[in-house]
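Presented below is the structure to which this report refers.
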Amino acid sequence: MAYPFKEIEPKWQAWWEKQGTYHAKDPSETGQEKFYGLIEFPYPSGEGLHVGHPRSYTAIDIISRKRRMQGKNVLYPIGWDAFGLPTENFAIKTKQPPAKVTAKNVANFTRQIKMLGLGFDWSREINTTDPEYYKWTQWMFIKFFDSWFDEKMQKARPMAELVVPKEVEDRGADAVREYRDSKRMAFKQKTVINWCPKDKIGLANEEAAGGVCDRCGGPVEKREKEQWMLRITAYAERLIKELDQVDYLEKIKTSQVNWIGRSEGALIDFVIARNPMTKQSTVDCHAPSNSARNDSVVKVFTTRPDTLFGATYMVLAPEHPLVAEWLESGAIKNVKEVKAYQTKANKKSDLERQENKEKTGVELEGLKAINPATKKEIPIWIADYVLSGYGTGAIMAVPAHDERDFEFAKKFKLPIMEVVKAPALDKVFNADVSVSEALQGEFRVKADCWVGEGIATNSEFLDGLETSKAIEKMIVWLEKEKIGEKKVTYKLRDWVFSRQRYWGEPIPMVHCDHCGWVPIDESELPLLLPEVKAYEPTDTGESPLATIKDWVKAKCPICKGPARRETDTMPNWAGSSWYFLRYCDPHNQDHFASDFALKYWMPVDLYNGGMEHTTLHLLYSRFWYKVLFDLGHIPSSCGNEPYKVRRSHAMILGEGGIKMSKSKGNVVNPDEMVEKFGADVFRTYEMFIGPYDMDAPWSDKDIQGVRRFLDKVWAVGQANLEHQASKTDGKTRTLSVPGVDAEDSQPYDLVFHQTIKKVGEDIDGLHFNTAVSQLMILTNELQGKALRSLDFRSYIKMIAPFAPHLAEELWHQLGNENSIHLEAWPEYDETKLVVESVTVAIQVNGKLRGEVKVKIDSDQATVQPAAEQEPSVKKYLDGQKVKKVIYVKNKIINFIV
RNA sequence: GGGCCAGUGGCGGAAUGGUAUACGCAACGGACUUAAAAUCCGUGGCCGCAAGGCGUGUGGGUUCAACUCCCACCUGGCCCACCA
C-alpha cells in the first residue's frame, strides 16, 4: 500500500504553520527546560538547496522533535546569511540590485526548506542583510572599537577603563589618541593584504589559504592597504584553553588548536654591527662589544633556543621594517641588489612561493649580527622563506638543526655548525662556567666546516628529553643575561575586517581630521547601505560606496566638523558571528537580545555545521561572543562559550562517490526527489544513507528501499487503524489477527521494546542510520500483526521524527486532534527486554564448532555438559584432554584441548 | 612535509574484545499477471560434491578469543603547509 504523500504532506505543512506547532514558547510563559538546536544558517545562493543541506537540517530536526516530545521547550530557528560575494557578483552580471537577488534566492530557499517538513520556528526568521539585523552588527562593531584587551585580566574592557600612562598624557592629545587607538579591539592598520585581482577584493588569510582566492580560485597577490582589523590574537590563549569547557568532536578541537598554532620558545636579541671587523665569520670568541658600533637590535623568535650556538647567519623577511630603515640610512652597501630582491618577493604570490620552494635570498652587505652566545659576527640575509607575519619576521638560522636553514646554507655556502652533546650543555649551566669557556671545552662546535647531508636531523642532541631540558636552561640563561626572554607566539593573525565591496554591512565609522576615527552615534544606527548606480568594485581598491559623494560626506560626532565616512564594508563573517544570539529574541527593538532571553536560551545546546567552518566561522564566532561576554553584554550565567556541543555532518557525494558538481552533471535536485518520493522518504533516506559524520554517495536505487519501508509503515498503520475501528464497531476487517488484549504479552514485544530503546539512544548519539534500520526491523516484524492500541500509538511516535507527515496523518486518522509532535516520547519497558533463553556459541580452540540454546544466565556447570554433548562439538572433544574451559555467560563457551 | 579520517560481500553499510556481513540496494529462483511494473515468498561471503578450509587493506604482536587493542607498513580521501 503506497503512502499517498502528495495529498498528505502539503496538508500538514500548512496545518503546522497555522498552529505554530514548532514555535518556541516564550520563556516567561513556561516552566519547561529549554533545548536550543542550531544549524549553520544557509547562504541563499542562486543554485538553490543542495541535497547536502537537508542532511544536517533533518538530523537536528529529528533531535529537536525528540527533545520536544521529551518535554523540552525547543528553539530550532532558521535564517539567512545573505551578504557576500556570490550574490554581489551575480547582481553585477545581471545588472540587478543585490537586495533583489537576495530576496529572490531567499524565497526559493524558503520554499524548498518548507517542502521538507522541517520543524523550524519561522516566526524567528532572520536575515543578515535586514537593517533591523545589521543595525546590531554595526552596534557590536562600535563596541569592539570602544574596547581594549587587558592582558593582565585576559579580557576585553570598555575604553573608558583604559588608564593612559602619565608620560603619554604629557605628550598631548594626539599622543593620547594614538595610544588609545593602539589598544582597541577594532583598529585600523596598514597591512600587506591578500589581494585578489579578479574579485578586486582584500581577503583574510583564511580566505586566501594556499595562495588561492577562496571565492574564485584564482591566485592571490599582495597589496598594502589600511584596513579595519579585529584583535582576535589577543584571545588566542583563551580560544585554546576554554575549549576545555565545551563538548566538540575531538577533531574539531584539534583543528582549532592547530589553526591558532601556539608555539613556545624564546625571543632573542641579536645586536647589529655596522662596519664589521671581519669579512668572514671566522671564530672570534672574544669580539669586543663596542657599543658605539652597535646601533640596533634584531629580535628573533625561535622554538629551539638551545641551538643558538649553531646560529651561523640571520635571515629577515624582505618586508622587515629594519631593512627599509637600513636602506635609507645607507648601512646597506648592495642597495640595488637588495631592492630588486624586495620587489621580486613582493610581486610573488603565495601560490608561486608554494610551488617553487627553491630557496632564494640576498645578503645585506655592510652589516653583521652578533650571535649572543658565541659572540661571533654572522652575516645577515633577506629571504622570502622567512615570513613577515609570523614571529618577529626574523630568524636566527641554524642550518645544522633546521632543514630549511640547511638547504639555504648549502645553496649559499654559509657555515654550518652542529651543536652536539646535550650533556655538556647541562654541565655548562650547572657549573656556571662562561659560554666562551664552554665553547672551548666540552661544548664542541664545529665551525666553518661542512657536515654531511642528513646530519642536521640526526644529531644526538635532538633526541629524547634532553632537548626540552636544554631549552629550559637556555631560556633561564638568556633572561639572566638580559638578551632574551621566554615567548609564546601564534600562527593566528588578527582578523582583517574590511572589504572593498558593496554587498556588506557599512562600517559605522567616520574619519575626522581633528578627531581621527570616530564611531557614529548609536542613535544613527542602522547606518543604511545606500543604493548605488554601479556595484562593480573600483580598480583603485575602494568600495563602490566611495563614489557616492553625498553619502561619504559626514559630520564628526565629536567636533561637528567635516568628516568622511568609511566606505569599506564588513566581511561575510560578521553577521554570522552572532546570529545565534538574535534568534533568542529576534524582534527586540531596543537590544540585540534581552538579558532575560539570553539567560534562558544560551548557550546553544547542539550546534551542527560542516567541517569547513571549524577554523573560520567557529573561531570567529567564539571570539565575538567572548568579547561581548567580557564587556557585559551577555549575562554571566550564560558562560563564556556560545556552543555547548558542536557536531559535524559530512557530505553527500554524487553516485559513484565523487563530489557533486554541475560540470560532472551528477547534481541531485531536492525538488525532483520530493516530487518523486515525498519529503518523508527523502528525509528518512538521507538519515539512512550512512553514518552521519561520514561522506556517503547518493543512490537513486537505495532511496527506493526507503520508499518501500515507508509504504510498509503506512500499510501497518492502515491495518491497525482498521483493527482499532473494528474493536468499536464490531465489524470484521481485513486483519486475520485476533484482537489484542492489553494484558497479554505479544509476540512482537521484545523487538518492540528493543526498538524504543535503540531508536532513542541512536537519535541522541546521532546514529540515525542504525535508528532507521531498527525501525525497519520492527516494521518487518509487525507485518500482518495487530497491535495493542497503546503500542500502536508508540509506534507512530517513533516514526514521527523521521517521517513527520506520515505520522501526523496516522495520528489524526486515529482520532487525535493535537499534533503528534507535541505528544510524549515513548518509553521502553525494561521487563519486556528480558528473554528466557539465549544461544551460546561453542568453540573448540577458538574455532566455532556449534551452538546450544540454554536458559538465560545459565552457569558453566549447566552449559558445559550440554555443549559437550552437541554432536558437532563432540567429535572435536572425543579422545582429547580438555585443558581449559572459558565460559562467558550468555555468549560463548570455549574448550581448549 | 605535517595533521585528521577511512579501508568489511557485487554495492551503501552493521557489529560494549565473544557466532563477522544486521538493515537496505542490486542479483537469482518462485508466486501473482495475458504481459510488464508494483507487490509477496525464498536464496545468497569465497573455495569445495562433501568433510572441511579460507575470509574485515598488508605484515607482526597482545589474548582462550581481534573488524575491534598495540607496533610497522600499503592504499585512498580531506584539511593545512617554508609558522623558525
Side-chain angles (χ1 to χ4, degrees), chain A residues 1-2 209-211 249-252 254-255 257-259 261-263 265 300-305 307 311 315 317 350 353-354 356-359 383-387 389-398 401-405 407-408 489-493 611-612 614-615 650-651 653 655-659 685 688-691 693-706 708-709 711-712 715 767 769-777 779-780 783 839-851 875 883-897:
Chain A
M1 203 185 302
L249 288 179
E250 211 43 55
K251 61 176 173 178
I252 296 176
T254 309
S255 58
V257 169
N258 289 345
W259 189 265
R262 182 184 199 274
S263 35
V300 303
F301 173 73
T302 176
T303 54
R304 293 292 308 276
T307 62
V315 189
D350 280 351
R353 278 199 192 192
Q354 250 169 60
N356 184 7
K357 287 188 180 177
E358 176 75 20
K359 299 275 180 295
D384 65 7
Y385 85 93
V386 172
L387 309 171
Y390 182 74
T392 62
I395 61 157
M396 63 179 211
V398 187
H401 299 286
D402 182 283
E403 274 182 61
R404 295 151 302 179
D405 297 344
E407 230 181 273
F408 191 82
T489 57
Y490 304 91
K491 286 187 209 170
L492 185 71
R493 322 251 177 109
M611 279 306 287
E612 70 275 19
T614 51
T615 44
M651 272 187 294
L653 306 169
E655 298 221 37
I658 37 166
K659 216 170 156 172
Y685 171 60
F688 187 60
I689 196 166
D693 56 353
M694 303 248 244
D695 290 352
W698 181 272
S699 161
D700 277 338
K701 293 273 190 209
D702 287 4
I703 193 172
Q704 302 270 3
V706 175
R708 280 181 206 137
F709 162 58
D711 284 348
K712 280 189 204 170
H767 306 301
N769 55 330
T770 49
V772 173
S773 81
Q774 183 63 37
L775 286 168
M776 286 172 167
I777 291 169
T779 303
N780 290 340
Q783 291 299 307
T839 304
V840 171
I842 308 163
Q843 293 183 338
V844 179
N845 286 340
K847 285 202 188 302
L848 183 71
R849 296 300 182 191
E851 54 185 37
K875 60 183 173 188
K883 288 190 218 135
K884 196 175 168 190
V885 179
I886 292 120
Y887 174 62
V888 181
K889 202 193 271 177
N890 302 330
K891 294 248 165 83
I892 203 158
I893 183 160
N894 190 4
F895 295 92
I896 310 301
V897 296

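So that the names make sense, note that chain A is the first sequence line, chain B the second, and so on, each numbered from 1. Note that these values count all heavy atoms, side chains included, but never hydrogens, waters or copies made by symmetry.
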Rounding to an integer number of angstrom, what distance separates [N] and [M] when you compare their [atom1] atoms?
N: B/G45; M: B/U8; atom1: C1'; value: 10 Å
N: B/A15; M: B/A84; atom1: C1'; value: 48 Å
N: B/A66; M: B/C54; atom1: P; value: 13 Å
N: B/C32; M: B/G42; atom1: C1'; value: 15 Å
N: B/C5; M: B/C82; atom1: C1'; value: 26 Å
N: B/C4; M: B/G55; atom1: C1'; value: 30 Å
N: B/A51; M: B/G44; atom1: P; value: 15 Å
N: B/C73; M: B/G3; atom1: P; value: 12 Å

Taking atom [atom1] of [X] and atom [atom2] of [Y], what is their separation to the nearest 0.5 Å?
X: A/Ile842; Y: A/Tyr887; atom1: CD1; atom2: OH; value: 11.0 Å
X: A/Arg262; Y: A/Leu492; atom1: CZ; atom2: CG; value: 13.0 Å
X: A/His767; Y: A/Ser773; atom1: NE2; atom2: OG; value: 12.0 Å
X: A/Asn894; Y: A/Gln843; atom1: CG; atom2: CD; value: 4.5 Å
X: A/Arg849; Y: A/Glu851; atom1: CZ; atom2: CD; value: 14.0 Å
X: A/Asp693; Y: A/Leu249; atom1: CG; atom2: CG; value: 7.0 Å

Check whether any side-chain heavy atom of A/Val897 sits under 4.5 Å from a side-chain heavy atom of A/Val844, and report yes or no. yes
Hey, does A/Leu775 have a side-chain heavy atom less than 4.5 Å from the side chain of A/Phe709? yes
Just the rounded figure in Å: distance from [atom2] of [N] to [atom1] of [X].
X: A/Glu612; N: B/C80; atom1: CD; atom2: C1'; value: 15 Å
X: A/Phe709; N: B/U39; atom1: CZ; atom2: C1'; value: 18 Å
X: A/Glu403; N: B/G1; atom1: CD; atom2: C1'; value: 8 Å
X: A/Lys251; N: B/C78; atom1: NZ; atom2: C1'; value: 9 Å
X: A/Gln783; N: B/U39; atom1: CD; atom2: C1'; value: 11 Å
X: A/Asn780; N: B/C25; atom1: CG; atom2: C1'; value: 14 Å
X: A/Leu653; N: B/A6; atom1: CG; atom2: C1'; value: 13 Å
X: A/Lys712; N: B/C23; atom1: NZ; atom2: P; value: 10 Å

To the side chain of [X], which of [options] is closest?
X: A/Met776; options: B/A84, B/G24, B/A22; result: B/G24
X: A/Tyr385; options: B/C82, B/G53, B/C23; result: B/C82
X: A/Asn258; options: B/A84, B/G3, B/C23; result: B/G3

Do A/Tyr685 and A/Trp698 make the cut of ring centroids closer than 6.0 angstrom? yes
Pick out the pairs of N or O atoms, protein on one side and nucleotides 26-33 of chain B on the other, that lie under 3.5 Å.
none

Classify the nucleic acid contact of [X] as base, sugar-phosphate or nothing, counting any heavy atom under 4.0 Å across all strands shown.
X: A/Ser699; answer: nothing
X: A/Lys889; answer: nothing
X: A/Ile896; answer: sugar-phosphate
X: A/Lys659; answer: nothing
X: A/Arg849; answer: sugar-phosphate

The test is side-chain contact (heavy atoms from CB on, under 4.5 Å); show your working for A/Ile886 and A/Phe895 and say whether it passes. CA-CA 7 Å; A/Ile886 292 120; A/Phe895 295 92; over 6 Å; no
Residues that [X] engages under side-chain contact (heavy atoms from CB on, under 4.5 Å), provided they are two or more places apart:
X: A/Ser263; answer: A/Phe301, A/Thr303, A/Tyr390, A/Thr489
X: A/Asp711; answer: A/Ala2, A/Tyr3, A/Arg707
X: A/Leu848; answer: A/Ala841

Scan side-chain atoms only and decide if A/Tyr385 and A/Asp405 contain a donor-acceptor pair under the 3.5 Å cut-off. yes
RNA chain B in dot-bracket form (Watson-Crick or G-U pairs under 3.5 Å, [ ] crossing, | inter-strand) is (((((((..(((.....[....))).(((((.......))))).(((....)))..(((((..]....))))))))))))....
Side-chain N or O of A/Ser263 versus OP1/OP2 of B/A84: is the shortest distance under 4.0 Å? yes
With syn defined as a glycosidic angle within 90° of 0 and anti as everything else, classify B/G42.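 Anti.
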For A/Val772 and A/Lys875, find the nucleotide of RNA chain B closest to each by heavy atoms; which residue's nucleotide sits nearer the 5' end? A/Val772
Along nucleotides 9-19 of chain B, 5' to 3', which nucleotides get a B, which get an S, and which get a -, given that the test is a protein heavy-atom distance under 4.0 Å? ---BSSSB-BB
